[in-house]
Number of protein chains: 2
Amino acid sequence: MGPSSRNDSRAHILGRMISLLEGAAKEGAQLVIFPELAFTTFFPRWPYEDPAEAAHYFETAMPNPNVQTLFDRAAALKIGFYVGYGELTPEGQRYNSALIVGPNGQTLLKYRKVHLPGSHDVRTGQKYQQLEKRYFSYGDLGFPVTRGPAEWGRPLMGMLICNDRRWPEAWRVLALQNVELVCIGYNSAAYDPSGGEAETAEIRTFHSTLAVQANAYMNATWAVSVAKAGVEDGAGLIGGSLIVDPNGMIRAQAHTLEDELIFAEADLDLCLQGKEKIFNFAAHRRPQWYRPIVDQVGAVEPAQAAD
Amino acid sequence: MGPSSRNDSRAHILGRMISLLEGAAKEGAQLVIFPELAFTTFFPRWPYEDPAEAAHYFETAMPNPNVQTLFDRAAALKIGFYVGYGELTPEGQRYNSALIVGPNGQTLLKYRKVHLPGSHDVRTGQKYQQLEKRYFSYGDLGFPVTRGPAEWGRPLMGMLICNDRRWPEAWRVLALQNVELVCIGYNSAAYDPSGGEAETAEIRTFHSTLAVQANAYMNATWAVSVAKAGVEDGAGLIGGSLIVDPNGMIRAQAHTLEDELIFAEADLDLCLQGKEKIFNFAAHRRPQWYRPIVDQVGAVEPAQAAD
């Protein structure tokens, strides 16, 4: 998807999404992946004193009247979709969430983003913030996997959201459930989000592509990683949406920063080469040596020092 | 390094290694990375009824008279090195091991390969075997990291061997010790080691490169990944030796399947962008959701099934 401004109406954004859905259905697509926070601008770049001010960026139920036309049109076309959205629970918790909706309109799987980037507090002197730690609670559903419907070949499907795709732990927990298709939406700054100049749009697009290719390969899974791209109210987002096969090879890639469709047919049997041989986890993993992954949060330097 | 045949004498192979060391020293190198099992052919491709038949492929101490000239020449040149070798312990255990030796000839760090690929039993009908699970015990030292000497800028250094580089858990355990330089040697078949035809030399070189680039990026570390390459007694090995920076970018790459030197100067401060920001583990990791990584060995499909 191209950019969405703070001033774009929900009806306008939803209309673009339905156009994309219809274009995809026309080409025979059965599953469409929309980006993270697809219904709105990437609002965590803007500071709000009170998160309640951002209430109109959150959905209190899914579906709801503000998104119903997308769900209805998808069900009429018998097409499924992944979509990212801001979730506000009845208890007042906010999450950066995503759903996979099946071809008959039912929700197949729900996920809440675990790896929230950025900061809780506003960083003074920065033109754009990255306040996901302020707007959202950490996801509390783990990394669930479910089996998709017969029309799709019953793929084992999982989800990640944006920054999650850079964390190999997240992919591995999906792969330990034998995942065959990982759906990812993202909004990634086209500038160095820490305010420095070390990372250009080109480097950040390279990182996004590299992480998805390598994790797809190392987990023997298909992956679809989809950007909201372009300039939103002055703040740039990288593009680079990809469909990657279980060899880590790119099958389709977006070339614009606008609304654009890319397609691939995902042969799930291509996961078998990795899952049964080089990445046969039961034969080759050695978890007794992986303990620091769960026993530590941050890095701890070894005590000894050579001279 | 180029190939080594079963009939090549130890003196011949050692002479090639010393030539490489001298060429590197001449260009000002302070640390040289040699491949896995650098002193011999990749013997686990050959079946032996009794592992004792392969005794001449193993070192019973390091250094020892069969490798002493390399250690002596390196110390004289004040150059350090990583080298992979077959280890036979006094207790009769065999490991696929590697050392990092410092500029004054002392051993800084020892590692034993954790992720042994291949099979224990001979696979009938295959021209070449991959019998590492037969020849070696699984590494029992974990993934140690140590701080290098002052001459090298005191880098936090770790090691992987061959197949380890495809396992993100191994990289992460090193990065949880704040590793800044990961040294890797490999011997990777240039054909599908399972006997199929799904993987060509090109695909396998792509996988080797992809895994090192992405894991260097995701762990904000320099990585040097070094092949024994070319055709050994009819069996091809991929090349593709690389030096990768903490952005995941290739700084130097081998272009032949022969003895060849590649160089890079590793600015350790380039690790800071990742380690302090996007991959600040203390700020962003969520280990409570990573439990399956240590609680499971193999993949377990989710129980529920949608329709």
Side-chain angles (χ1 to χ4, degrees), chain A residues 102 108 114-115 117 138 142-150 156 166-169 172-173 175-178 194 196 198-199 203 206-207 210-211 213-215 217-218 247-248 273 275 277-279 281-282 284-287 289-294 296-302 304-307, chain B residues 102 108 114-115 117 138 142-150 156 166-169 172-173 175-178 194 196 198-199 203 206-207 210-211 213-215 217-218 247-248 273 275 277-279 281-282 284-287 289-294 296-302 304-307:
Chain A
L108 297 179
V114 166
H115 296 98
Y138 289 103
F143 299 100
V145 167
T146 197
R147 200 174 270 287
L156 286 161
R166 308 181 201 272
W167 295 86
E169 295 93 337
R172 191 57 112 215
V173 174
L176 283 165
Q177 298 166 81
N178 217 20
S194 65
E199 296 190 357
I203 289 175
F206 165 74
H207 287 164
L210 178 64
Q213 286 188 269
N215 283 301
Y217 162 61
M218 294 189 292
N247 256 323
Q273 170 76 8
K275 288 190 193 300
K277 294 172 185 172
I278 203 162
F279 298 118
F281 292 166
H284 302 309
R285 292 181 78 247
R286 306 293 294 164
W289 302 113
Y290 308 156
R291 296 272 346 159
I293 292 171
V294 297
Q296 284 178 228
V297 182
V300 179
E301 295 189 6
Q304 87 279 23
D307 197 23
Chain B
L108 297 178
V114 166
H115 295 99
Y138 289 103
F143 299 99
V145 167
T146 196
R147 201 174 269 288
L156 286 162
R166 308 181 200 271
W167 295 86
E169 294 94 337
R172 190 59 112 216
V173 174
L176 283 164
Q177 298 167 82
N178 216 20
S194 65
E199 296 190 358
I203 289 175
F206 165 75
H207 287 163
L210 178 65
Q213 286 188 270
N215 283 301
Y217 162 61
M218 293 189 293
N247 257 322
Q273 170 77 9
K275 288 189 193 300
K277 295 171 184 172
I278 202 164
F279 298 117
F281 292 166
H284 302 309
R285 293 181 77 246
R286 306 292 295 164
W289 303 114
Y290 307 157
R291 296 273 345 161
I293 291 171
V294 297
Q296 284 178 228
V297 183
V300 179
E301 295 190 4
Q304 87 279 29
D307 200 23

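Proteins get letters first, then strands, A, B, ... in listed order; numbering begins at 1 in each.
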Nearest heavy-atom neighbours spanning A/Met218 and B/Pro168: SD-CD, 3.8 Å
When B/Arg291, B/Gln273, B/Lys275 are compared by non-hydrogen pairs under 4.5 Å with chain A, the top option: B/Gln273
Is B/Phe279 close to chain A through its backbone or its side chain, or both, or neither, when contacts mean heavy atoms under 4.5 Å? both
Which distance, rounded to the nearest 0.5 Å, do you find between the CZ of B/Arg172 and the CZ of A/Arg172? 12.0 Å
Heavy atoms of B/Ala175 and A/Ala299 approach each other most closely as O-CB, 3.6 Å
Drop me the distance from B/Phe206's CZ to A/Tyr217's OH, to the nearest 0.5 angstrom. 9.5 Å
Which atoms of A/Pro292 come close to chain B, meaning under 4.5 Å heavy atom to heavy atom: side chain ones, backbone ones, both, or neither? both
Mind listing the closest non-hydrogen atom pair of A/Pro302 and B/Gln177 along with its distance? CD-O, 3.5 Å
What residues form a ring-ring contact (aromatic ring centres under 6.0 Å, His included) with B/His115, not counting sequence neighbours? A/Tyr290, B/Trp167
Pick one of side chain, backbone, both or neither for B/Gln213, based on which atoms fall under 4.5 Å of a heavy atom in chain A. both
Within the structure provided, determine whether A/Asn247 and B/His207 are in side-chain contact (heavy-atom separation under 4.5 Å). yes
For the student: nearest non-hydrogen atoms of A/Ile293 and B/Arg285, plus distance: O-NH2, 2.8 Å
Dump the intermediate steps for salt bridge (Lys or Arg N to Asp or Glu O under 4.0 Å) on A/Arg286 and B/Glu169, then the final yes or no. CA-CA 9 Å; A/Arg286 306 293 294 164; B/Glu169 294 94 337; over 6 Å; no
What residue in B/Leu176, B/Ile203, B/Val300, B/Leu210 has the most heavy-atom pairs under 4.5 Å with chain A? B/Leu176
Taking every heavy atom of A/Ala282 against every heavy atom of B/Val297, the minimum-distance pair comes out as O-CG1, 3.8 Å
